[in-house]
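My questions will all concern the structure given below.
Quick note on labels: first sequence line is chain A, next is B, and so on, each numbered from 1.
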Amino acid sequence: MRLSAYFLPTLKENPAEAQIASHRLMLRAGLVRQASAGIYSWLPLGHRVLNKISDIVREEQNRAGALEMLMPTIQSAELWEESGRYDGYGKEMLRITDRHDRPMLYGPTNEEQITQIVRDNVRSYKDLPLNLYHIQWKFRDEIRPRFGVMRGREFLMKDAYSFDVSVDDARTAYRKMFVAYLRTFERLGLKALPMAADTGPIGGDMSHEFVILAETGESAVYCHRDLIELPAPGDEVSYHDDLTLVIEPYISGYAATDEKHDQAAFEADVPADKRVEARGIEVGHIFYFATKYSEVMKASVATPDGQNVTLHCGSYGIGVSRLVGAIIEASHDEDGIIWPWSVAPFQVGLINLKVTDEGCNNVCEDIYSRLTALGVDVLYDDRDERAGGKFSDMDLIGCPWQAVIGPRGVEAGEVEIKNRATGEKETLPLEAAMDRLASAPPEKK
RNA sequence: CGGGGCUUGGCGCAGUCUGGUAGCGCACCUGGUUUGGGACCAGGGGGUCGCAGGUUCGAAUCCUGCAGCCCCGACCA
């Protein structure tokens with residue numbers, strides 16, 4: 001993409017309303033603009049990131065056997081009256097009325113809707129297991145939206161719903177999502193720690209929050225240091241196998257958010273030098289809720305012996321729009337964002353220092369077209385601006401690699417590349433630079 | 001929803017106490033000089049001062065009401 005033809009309104013100064021780093025940087029780097037409290041428009045650059053995250057989430061859901069679909073944002077109140085949540089959900093639910101005075105609502109979640117679909121269309125145990133998901137906008141009328149997209153009222157979320165004939169099968173579905181989540185966050189460049197979460201009245205060990213560590217996290221978290229070092233399951237993991245042992249290492253050590261934290265247990269379970277007390281941002285939540293909705297909404301299937309059994313269900317959320325903020329919280333410096341390679345809106349920022357110089361233009365065009373042909377997303381700053389502004393904007397936007405083309409380098413047949421994360425600069429012959437720019441830069445220690 | 005604060009050009013702010021017809025920096029446009037980390041000179045465009053009433057000869061400024069937004073708390077992907 002040529003910057004001269006792009007829409008990228010960056011801000012030199014910090015907007016007064018933005019308090020935390022990700023919010024400030026998302027506004028300054030031209031990712032979003034606020035429409036009203038907790039509601040944002042996604043500008044082209046931010047939209048690219050949102051899509052990149054969605055794509056990774058989608059790929060890992062599909063790999064785990066979940067099926068993508070799409071349910072509406074607007075739901076009928078009738079459905080929620082059936083599950084008994086219409087009155088119970090409270091003011092967080094945005095209630096609206098259509099022209100016929102029928103009560104509707106902007107969905108804060110989709111358990112009722114998916115349960116209805118499954119109830120009406122799945123009759124036999126032979127159709128199970130089933131895990132359906134969608135990536136859709138939700139609305140929760142938070143009392144106090146804050147922190148930009150991290151705590152917005154409107155937010156993009158991946159929510160999956162599993163349906164099985166037994167608790168055992170539901171456990172299997174749960175483990176698949178557990179593994180899929182580890183892999184997803186790993187690919188997003190995040191270290192997400194599964195933490196035992198409140199299971200409510202159902203009990204058991206079938207609820208985990210996935211939390212990433214960040215200084216500005218909303219809640220305090222406590223865990224065993226070794227958990228942070230655990231690598232995510234690799235490509236060799238098969239979702240057809242029993243995943244119990246695969247999951248074991250992740251759930252055996254101490255890990256809790258402040259609401260579930262037990263200081264005595266923490267000190268008893270974890271040696272002093274292994275205790276990590278940090279802050280975290282919840283980016284995913286998986287849980288098994290048994291027959292909570294299938295019971296009241298009468299979702300059942302016939303078993304081999306002709307009986308009817310109520311479905312066992314789980315739901316699995318990932319806060320896609322929140323992740324944009326969370327990733328920035330986990331990866332930025334005083335100059336701007338530092339995108340992980342996998343979600344960077346553009347992986348290479350190509351800076352032409354002198355657009356009036358034919359040599360610079362030729363080298364830039366060459367690099368731009370060749371990298372693009374290799375599938376690398378390049379943002380080419382071909383604006384007739386001063387060098388300082390270009391450097392600052394590029395640091396702010398946070399492309400993992402920067403390639404700087406100026407008359408000096410062109411003369412010498414060299415390109416200066418900069419690793420945004422480490423700040424390390426290298427001057428290389430053109431071909432050597434090309435090789436570097438086509439793959440992820442070495443990470444900061 | 002309780003407590004606090006804010007609302008003046010695209011962004012950041014001053015002016016409000018003590019009423020006199022709107023200003024600064026950045027950004028934007030034009031011309032020139034510049035050009036490897038947010039240049040300089042000259043000229044220029046852009047604001048019903050959140051909205052609605054009221055007081056007054058006169059209101060950004062005083063009074064009343066309303067709205068929006070931000071921060072702290074309870075609540076949450």
Side-chain angles (χ1 to χ4, degrees), chain A residues 9-20 23-24 27-28 30 33-39 53 57 89-93 107-110 135-160 181 185 192 197-198 207-212 217-219 257 259 280-287 315-326 335-336 351-357 360 381 383-396 402-412 414-416 418 423 425 427:
Chain A
T10 57
L11 305 172
K12 198 190 281 190
E13 293 176 88
N14 284 320
E17 74 269 17
Q19 298 298 311
I20 63 166
H23 191 192
R24 273 201 308 272
L27 291 167
R28 286 192 51 206
R33 284 295 181 266
Q34 179 167 310
S36 51
I39 302 177
I53 294 173
V57 169
Y89 212 92
K91 291 189 172 177
E92 278 196 2
M93 185 153 77
T109 178
N110 293 74
I135 297 175
Q136 177 64 294
W137 292 92
K138 310 281 190 292
F139 195 93
R140 293 185 193 170
D141 201 357
E142 297 281 342
I143 295 167
R144 184 156 92 86
R146 62 187 120 170
F147 306 145
V149 301
M150 296 252 288
R151 186 73 183 284
R153 292 195 291 172
E154 187 183 53
F155 55 98
L156 186 61
M157 179 175 170
K158 185 285 300 181
D159 42 327
Y181 274 40
F185 295 124
D198 208 349
S207 177
H208 287 88
E209 285 180 9
F210 286 75
V211 171
I212 68 165
E218 286 193 78
S219 50
T257 59
E259 49 193 19
I281 301 166
E282 185 186 346
V283 289
H285 195 166
I286 61 177
F287 60 98
S315 79
Y316 315 89
I318 290 180
V320 176
S321 51
R322 162 178 280 197
L323 272 165
V324 179
D335 295 322
I351 297 177
N352 185 342
L353 284 178
K354 195 166 186 180
V355 297
T356 51
D357 182 293
C360 287
D381 191 345
R383 297 173 302 172
D384 188 6
E385 294 286 338
R386 301 177 61 78
K390 293 191 172 198
F391 287 129
S392 299
D393 269 351
M394 210 52 97
D395 283 345
L396 177 62
Q402 290 173 16
V404 181
I405 310 303
R408 280 198 323 238
V410 168
E411 189 83 12
E414 290 175 335
V415 173
E416 180 185 299
K418 173 178 158 181
K425 294 176 190 168
T427 301

* Confirm from the modelled atom types if A/Asp395 and B/rG37 form a donor-acceptor pair under 3.5 Å, side chain to base only. =>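 Donor-acceptor pair under 3.5 Å: yes.
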* In whole angstroms, how far is the P atom of B/rG12 from the CG atom of A/Asn14? ->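 Whole-Å distance recorded here is 10 Å.
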* Asked: Watson-Crick or G-U wobble partner for B/rG23, using a 3.5 Å limit on both distances?
  ->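 B/rC13 - that is the nucleotide pairing with B/rG23, both distances being under 3.5 Å.
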* Asked: Which one, B/rG12, B/rG36, B/rC70, comes nearest to the side chain of A/Gln19?
  ->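 The answer is B/rC70, which lies nearest to the side chain.
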* Asked: Does the A/Arg140 side chain pair with the main chain of A/Met93, one donor and one acceptor, at a distance under 3.5 Å?
  ->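 Here the side-chain-to-backbone pair does not exist.
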* Tell which nucleotide pairs with B/rG73, taking only Watson-Crick or G-U wobble pairs whose two distances are both under 3.5 angstrom. =>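 Base-paired to B/rC1.
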* Asked: Quick one: is B/rG37 close enough that its OP1 or OP2 comes under 4.0 Å of any side-chain N or O from A/Arg386?
  ->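 No, outside the criterion.
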* To do: Name the nucleic acid region contacted by A/Glu17, choosing base, sugar-phosphate or nothing; use a 4.0 angstrom heavy-atom cut-off, strictly under.
  =>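 Sugar-phosphate, backbone atoms only, no base.
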* **Rounded distance in Å between the C1' positions of B/rU64 and B/rC70** =>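 Taking atom C1' in both B/rU64 and B/rC70, they lie 25 Å apart.
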* Go ahead and name the base partner of B/rU35; Watson-Crick or wobble counts if both distances stay under 3.5 Å, otherwise write none. =>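 Paired with B/rU35, as far as the under-3.5 Å criterion goes, is no nucleotide at all.
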* Asked: Rounded to whole angstrom units, what separation is found between the CG atom of A/Asp159 and the C1' atom of B/rC76?
  ->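 In whole Å, B/rC76 C1' lies 15 Å from A/Asp159 CG.
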* May I ask you to verify if any side-chain N or O of A/Arg28 is less than 4.0 angstrom from the OP1 or OP2 atom of B/rG10? =>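 No, A/Arg28 has no side-chain N/O under 4.0 Å of OP1/OP2 on B/rG10.
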* To do: Answer yes or no: side-chain N or O of A/Glu385 and base N or O of B/rG38 forming a donor-acceptor pair under 3.5 Å.
  =>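 Result: no qualifying N/O pair found.
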* To do: Scan A/Gly90 against the nucleic acid and name what it touches under 4.0 Å (heavy atoms): base, sugar-phosphate only, or nothing.
  =>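 Answer is nothing: A/Gly90 stays at 4.0 Å or more from every strand.
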* For the base of B/rC75, is there a side-chain donor-acceptor partner from A/Arg151 under 3.5 Å away? ->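 Result: at least one qualifying N/O pair found.
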* For A/Ile143 and B/rA77, what is the distance between atoms CD1 and C1' respectively, to the nearest whole Å? ->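 Whole-Å distance recorded here is 16 Å.
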* Asked: Which part of the nucleic acid, if any, lies within contact of A/Gly317, taking any heavy atom under 4.0 Å across all strands shown: a base, the sugar-phosphate backbone alone, or nothing?
  ->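 No contact at all - A/Gly317 keeps every heavy atom at 4.0 Å or more from the nucleic acid.
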* Mind checking A/Gly38 for me? I need base, sugar-phosphate or nothing, with any heavy atom below 4.0 Å counting as a touch. =>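 The residue A/Gly38 makes no contact with any strand.
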* To do: Name the nucleic acid region contacted by A/Gly389, choosing base, sugar-phosphate or nothing; use a 4.0 angstrom heavy-atom cut-off, strictly under.
  =>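 Base: the residue A/Gly389, judged by heavy atoms under 4.0 Å, touches a nucleobase.
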* Pi stacking test for A/Phe391 and B/rG38: under 5.5 Å apart, planes under 30° ->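 It does not: the two rings, one from A/Phe391 and one from B/rG38, miss the stacking criterion.
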* Looking only at side-chain N and O atoms, does A/Lys12 come under 4.0 Å of OP1 or OP2 in B/rA27? ->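 So the side chain of A/Lys12 is within the cut-off, an N or O lying under 4.0 Å from OP1 or OP2 of B/rA27.
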* Asked: NA contact type, A/Ser36, heavy-atom cut-off 4.0 Å: base, sugar-phosphate, or nothing?
  ->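 Sugar-phosphate, no base atom in range.
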* To do: Check whether any side-chain nitrogen or oxygen of A/Gln34 sits under 4.0 Å from OP1 or OP2 of B/rC70, and answer yes or no.
  =>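 Looking at the OP1 and OP2 atoms of B/rC70, one of them is under 4.0 Å from a side-chain N or O of A/Gln34.
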* **For atom CD of A/Glu218 and atom P of B/rC71, their distance in whole Å** =>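 Value for this atom pair: 12 Å.
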* Nearest-Å distance once atom C1' is located in both B/rU48 and B/rU30 ->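 Looking at atom C1' only, B/rU48 and B/rU30 are 29 Å apart.
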* What is the distance, rounded to the nearest whole Å, between atom CD1 of A/Ile135 and atom P of B/rA77? ->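 The answer, rounded to whole Å, is 19 Å.
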* Asked: Expressed as a whole number of Å, how far does the C1' atom of B/rA74 sit from that of B/rC51?
  ->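 One C1' to the other, the span is 32 Å.
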* At under 4.0 Å, does any side-chain N or O of A/Arg144 touch on OP1 or OP2 of B/rC72? ->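 Yes, within the criterion.
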* To do: Quick one: list whatever passes side chain to side chain donor-acceptor pair (under 3.5 Å) with A/Glu282, sequence neighbours left out.
  =>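 A/Glu282 satisfies side chain to side chain donor-acceptor pair (under 3.5 Å) with A/His285 once adjacent residues are dropped.
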* Using the P atoms only, state how far B/rU33 lies from B/rC24, rounded to an integer number of Å. =>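 It comes out at 28 Å once rounded to the nearest Å.
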* Asked: Taking the P atom of each, how far is B/rC63 from B/rA27, in whole Å?
  ->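 Approximately 38 Å lies between the P atom of B/rC63 and that of B/rA27.
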* Starting from P on B/rU35, measure out to CG on A/Asn352 and report it in whole angstrom. =>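 Going from A/Asn352 (CG) to B/rU35 (P), I get 17 Å.
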* Sub-3.5 Å donor-acceptor pair from the side chain of A/Lys91 to the main-chain atoms of A/Asp141, do we have one? ->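 Judged by distance alone, no pair lies under 3.5 Å.
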* Would you say A/Arg28's side chain and A/Leu11's backbone share a donor-acceptor pair under 3.5 angstrom? ->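 Yes: the side chain of A/Arg28 pairs with the backbone of A/Leu11.
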* What nucleic acid atoms does A/Val404 come within less than 4.0 Å of, heavy atoms only: base, sugar-phosphate, or nothing? ->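 Answer is base: heavy atoms of A/Val404 come under 4.0 Å of a base.
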* Considering only side-chain heavy atoms of A/Lys425, which listed nucleotide, B/rG37, B/rC75, B/rC69, is closest? ->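 The answer is B/rG37, which lies nearest to the side chain.
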